[in-house]
Amino acid sequence: MMKAMIEASRTFDAASPDLIHITIPVGMLQCNCTIVADPISREALVVDPGDEVTRILELLGRHKLTVKAIISTHAHIDHVGGLAKLRQYTGAPVLMHRDDLQLYQGMDVQAAFLGVPTPELTSIDQLLKEGDTLQWGGFQASVLHTPGHTPGSVCLYLPKNLPAKNAGLPLSGSAAGAKASAGEAVVLAVPNGTLTTPQLFAGDTLFAGSIGRTDLWGGSMEQIMDSLRAKLMELPDDTKVYPGHGPTTTIGRERNSNPFLRG
């Protein structure tokens, strides 16, 4: 999979009218960390920096991006291990749903479960909730609260046609200054302000062919199925889904073939 990602890598110049979208699997459990940036303003969101912050900083520096916010889709250790370091180096605020704060503050329990060192914790600067809008550059994402994998799991939804100037949550950050090595990530492109297809950053709520596990702290099969059916399955079939692990998929494909969602 990493070979395919390296071969798919490409670069952008500052005048490119495309959304910069970089995904790299990080850490022991290969969490998909995603950087989504406006190439004109160079403003970016970083979603789920679970580990390997040096690699993330190198990519930010390579593309000359300013991190406006660091988003945690949920507070499992493989998705939050790099929050503190990335916040320290970029000055960007960390955003998480209130219902996962207890899980985040109990990181020592998760670390012991996996037999790994406890990562450094950081302050959570803003609490996400259903219906929040995050804005960076000419792009926006809506927050969907999708409990089940964890109580505070969220997804970010980018509709096909994005309002250009609708105010969202105030976000602030500073540029990352490191220089990156080439060929480390998938980099995709869509027109600025308008997407070729809607996009969903699903965390560990929905995977290609599966769904998030519910047997860990605060998990609930009833809640995750309600989140999937009442929220994610209401999205357009052509919505491209970027899960927290593994390959991309679409809402339509999962509606028709995911064994948890058929029927």
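Since this is a predicted model, take the numbers as computed values, not measurements.
- For H97, the ring-ring contact (aromatic ring centres under 6.0 Å, His included) test picks out H145, with sequence neighbours left out.
- Of the inter-residue distances, the one linking S72 atom OG with L128 atom CG reads 8.5 Å to the nearest 0.5 angstrom.
- Within the structure, every pair that satisfies the salt bridge (Lys or Arg N to Asp or Glu O under 4.0 Å) test and touches residues 197-214, not counting sequence neighbours, is listed here: R213-D215.
- Side-chain atoms of R55 do not come within 3.5 Å of backbone N or O of E52 as any donor-acceptor pair.
- K231 has a carboxylate O that lies under 4.0 Å from a charged side-chain N of E130, or vice versa, which qualifies the two as a salt bridge.
- Heavy-atom minimum distance, S153 versus H149: OG-CB, 3.8 Å.
- The same ILVMFWY cluster, assembled from side-chain heavy atoms under 4.5 Å apart, contains both V26 and V116.
- Scored by the side-chain hydrogen bond (donor to acceptor under 3.5 Å, both in side chains) test, D48 finds T73, H79 as partners (sequence neighbours excluded).
- For the atom pair CG of D99 and NE2 of H74, the computed distance is 14.5 Å after rounding to the nearest 0.5 Å.
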- Task: Check the pair T150 / D100 against side chain to side chain donor-acceptor pair (under 3.5 Å), numbers first and verdict last.
- Result: CA-CA 7 Å; T150 67; D100 264 14; 2.8 Å; yes
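- Partners of D237 under the salt bridge (Lys or Arg N to Asp or Glu O under 4.0 Å) rule, at least two apart in sequence or in another chain, are R255.
- Separation of atoms CD1 (I22) and CD1 (I35) is listed at 4.5 Å; rounding is to 0.5 Å.
- In this structure, the side chain of W136 engages the main chain of V36 through a donor-acceptor pair within 3.5 Å.
- For the side chain to side chain contact (heavy atoms under 4.5 Å, CB included) criterion with I24, the lone passing option out of C33, P49, C31 is C33.
- Judged as a side-chain hydrogen bond (donor to acceptor under 3.5 Å, both in side chains), and not counting sequence neighbours, the contacts of T34 are T23.
- Sequence neighbours left out, the pairs with a member in residues 114-123 that pass side-chain hydrogen bond (donor to acceptor under 3.5 Å, both in side chains) are R87-T122.
- Side-chain atoms of E254 and T249 form a donor-acceptor pair, as typed in the model, at a separation below 3.5 Å.
- For the residue pair T205/T146, the side-chain donor-acceptor check at 3.5 Å is satisfied.
- A distance of 11.5 Å separates CD in E234 from OH in Y157, rounded to the nearest 0.5 Å.
- Atom CD of Q105 has more than 12 neighbouring heavy atoms from other residues, nucleotides or ligands inside a 6.0 Å radius.
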